[in-house]
Amino acid sequence: MAVYTDVNEGELTAFLKAYPVGELLSYKGIAEGTENSNFLVHASTGSYILTLYEKRVDKDDLPFFLGLMGHLARKGISCPLPVTAHDGTVIGTLAGRPAVIITFLEGLSLRRPTAAHCGEVGKALAGLHLAGQDFQMRRPNALAIDGWRKLWAASRERADEVEPGLAAEVDADFVDFERNWPTGLPKGIIHADLFPDNVFFLGEKLSGLIDFYFACDDLYAYDVATCLNAWCFEKDFSFNLTKGTALLAGYQSVRPLSGDEKAALPMLARGSALRFMLTRLYDWLTIPDGGLVMKRDPTEYIRRMRFHRAIRSPSEYGLT
Ligand SMILES: Nc1ncnc2c1ncn2[C@@H]1O[C@H](COP(=O)(O)OP(=O)(O)OP(=O)(O)O)[C@@H](O)[C@H]1O
Ligand SMILES: N[C@@H](CCO)C(=O)O
């Protein structure tokens, strides 16, 4: 459940006076999400999301995340627009936390996406990549290979508790990544966490993208690989080729992948699987059970790492 910080009506009413949103009508905490405290706010001008940033978001990154959402929304991407206060600022303070008001997006996230949904996600991801090309701010990916190393150093000793043999397996992967991680591929703004819980649909139509708090500069094809991991595996860990084909075709209908990007997909998908395995493993080993932070299963991503290691040709993902 993601309401770490409680907000009372009096302080919220006072906070909202700084923004052109009208009178507070009602508000409630939102259970979904893990990083920040989120509230649904009904005001006389409409519905909004209030986010209070908790410890795991670096406050210095907020201007990048909020600037990016504003940039993308103005370019026609369906994502939340941060509301600017009467004094021209976006980030305020509420209950001792940095806080913002963003516009509410209609739609529902999916538990069981179909191939048609995967196609829509591919198109939306490519649209986001193109729309981000003229965004002026930069943010290096804190969860690129150096970041993985730090997480691994903090988790390695206990890794075999989660899966026997994992320490040796990941050590060998690191050697491979140092040697073979692709360089020189097209780069720019990526979402970096475009999982099903961060995409809203109305029926089969994609209605919105949220949660830009891992967005950064990195390889576009790495973002595609992350979506293959997040959208195209079934509960039994089998790769759904129909979904992969739909996601990649959707992406390429908007931004065709180069030959080098296609060739790099297996390595990028392995790296992306390792990245999510590592953040999950770190949380699994360090966060106490029964706490507020929801722990996600790292072994789901160990299975994906193994799948990608066995790939012999990128066509196995459904590239046509
Ligand atoms: N603009 C929005 N419109 C509608 N609902 C939203 C919006 N932003 C967030 N939500 C709701 O709040 C929930 C949590 O948001 P978000 O995913 O940004 O939180 P988080 O704490 O950063 O979580 P995590 O990084 O773990 O996904 C979402 O699942 C969604 O239900
Ligand atoms: N999408 C991440 C959680 C952080 O947003 C995961 O599934 O591990």
Side-chain angles (χ1 to χ4, degrees), residues 2 4 33-36 54-58 60-61 139-183 185 190-195 197-198 211 213-219 221-230 232-233 235-239 264-311:
Y4 304 104
T34 49
E35 302 290 334
N36 302 306
E54 303 290 344
K55 287 194 289 296
R56 302 217 302 182
V57 172
D58 184 342
D60 294 340
D61 284 333
R139 176 177 182 263
N141 188 355
L143 288 173
I145 202 155
D146 284 347
W148 307 347
R149 281 208 169 285
K150 287 186 199 127
L151 288 167
W152 186 230
S155 316
R156 186 184 181 285
E157 205 177 320
R158 292 182 55 206
D160 285 10
E161 287 173 27
V162 172
E163 174 94 354
L166 185 61
E169 189 176 331
V170 172
D171 282 347
D173 266 347
F174 269 109
V175 174
D176 214 4
F177 288 135
E178 296 289 353
R179 283 199 199 122
N180 298 317
W181 192 250
T183 51
L185 299 179
I190 67 165
H191 183 284
D193 191 28
L194 200 61
F195 277 56
D197 53 352
N198 291 330
D211 200 354
Y213 302 114
F214 287 102
C216 58
D217 270 279
D218 208 336
L219 306 178
Y222 179 69
D223 226 9
V224 176
T226 294
C227 284
L228 288 173
N229 277 325
C232 302
F233 283 83
K235 297 264 177 277
D236 66 359
F237 306 112
S238 61
F239 182 75
L265 266 188
M267 183 52 85
L268 295 171
R270 269 176 70 187
S272 168
L274 177 68
R275 170 260 183 263
F276 287 98
M277 195 286 285
L278 287 170
T279 44
R280 288 172 171 215
L281 179 68
Y282 179 81
D283 286 354
W284 197 263
L285 295 173
T286 52
I287 293 173
D289 285 330
L292 282 177
V293 178
M294 190 180 78
K295 303 207 279 187
R296 296 174 209 248
D297 185 359
T299 64
E300 293 177 5
Y301 275 79
I302 300 173
R303 306 293 279 273
R304 285 165 173 72
M305 286 158 51
R306 290 178 185 158
F307 173 86
H308 297 306
R309 243 183 253 133
I311 289 278

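The first residue of the sequence shown is numbered 1, and numbering continues consecutively from there.
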Are [X] and [Y] packed together at the side-chain level, in the sense that at least one heavy-atom pair is separated by less than 4.5 angstrom?
| X | Y | value |
| --- | --- | --- |
| L274 | F174 | yes |
| R156 | D171 | yes |
| W181 | L268 | yes |
| L285 | L281 | yes |
| F195 | T226 | yes |
| L151 | L143 | yes |

Shortest non-hydrogen contact from [X] toward [Y]:
| X | Y | value |
| --- | --- | --- |
| P182 | M267 | CD-CG, 3.8 Å |
| R280 | P298 | CB-CA, 3.8 Å |
| C216 | A192 | SG-CB, 4.2 Å |
| I287 | K295 | O-NZ, 2.8 Å |
| L219 | L185 | CD2-O, 3.6 Å |
| A167 | A159 | N-CB, 4.3 Å |

Donor-acceptor contact present, side-chain [X] to main-chain [Y], <3.5 Å:
| X | Y | answer |
| --- | --- | --- |
| D193 | Y213 | no |
| N141 | D217 | no |
| D160 | L166 | yes |
| R304 | N229 | yes |

Item checked: Spacing of CZ belonging to R139 relative to CZ belonging to F214, to within rounding of 0.5 Å -> 8.5 Å
Note to self: So, taking the atom named CG in D173 and the one named CH2 in W148, what distance separates them when rounded to the nearest 0.5 Å?
What the structure shows: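 If we round to the nearest 0.5 Å, D173:CG and W148:CH2 are 9.5 Å apart.
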Please determine whether a side-chain nitrogen of the Lys or Arg among [X] and [Y] lies less than 4.0 Å from a carboxylate oxygen of the Asp or Glu.
| X | Y | value |
| --- | --- | --- |
| R296 | D283 | no |
| D218 | R275 | no |
| R149 | E178 | yes |

Note to self: Applying side chain to side chain contact (heavy atoms under 4.5 Å, CB included) to E35 and D211, what does each step give before you reach the verdict?
What the structure shows: CA-CA 10 Å; E35 302 290 334; D211 200 354; 5.8 Å; no
Check: Do R303's NZ or CZ and the ring of F233 fall within the cation-pi criteria of under 6.0 Å and 45°?
Finding: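 Cation-pi check for R303 and F233: fails.
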Checklist line | Parallel, tilted or perpendicular: ring planes of Y301 versus F276, cut at 30 and 60 degrees | finding: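 Y301 vs F276 ring planes: tilted.
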Next item on the list: Compute the centroid of each ring, for H308 and then for F177, and state whether the two points are separated by less than 6.0 Å.
Entry: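 Judged by ring-centre distance (under 6.0 Å), H308 and F177 do not meet the cut-off.
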Checklist line | Partner set under side-chain hydrogen bond (donor to acceptor under 3.5 Å, both in side chains) for E169, not counting sequence neighbours | finding: R306, R309
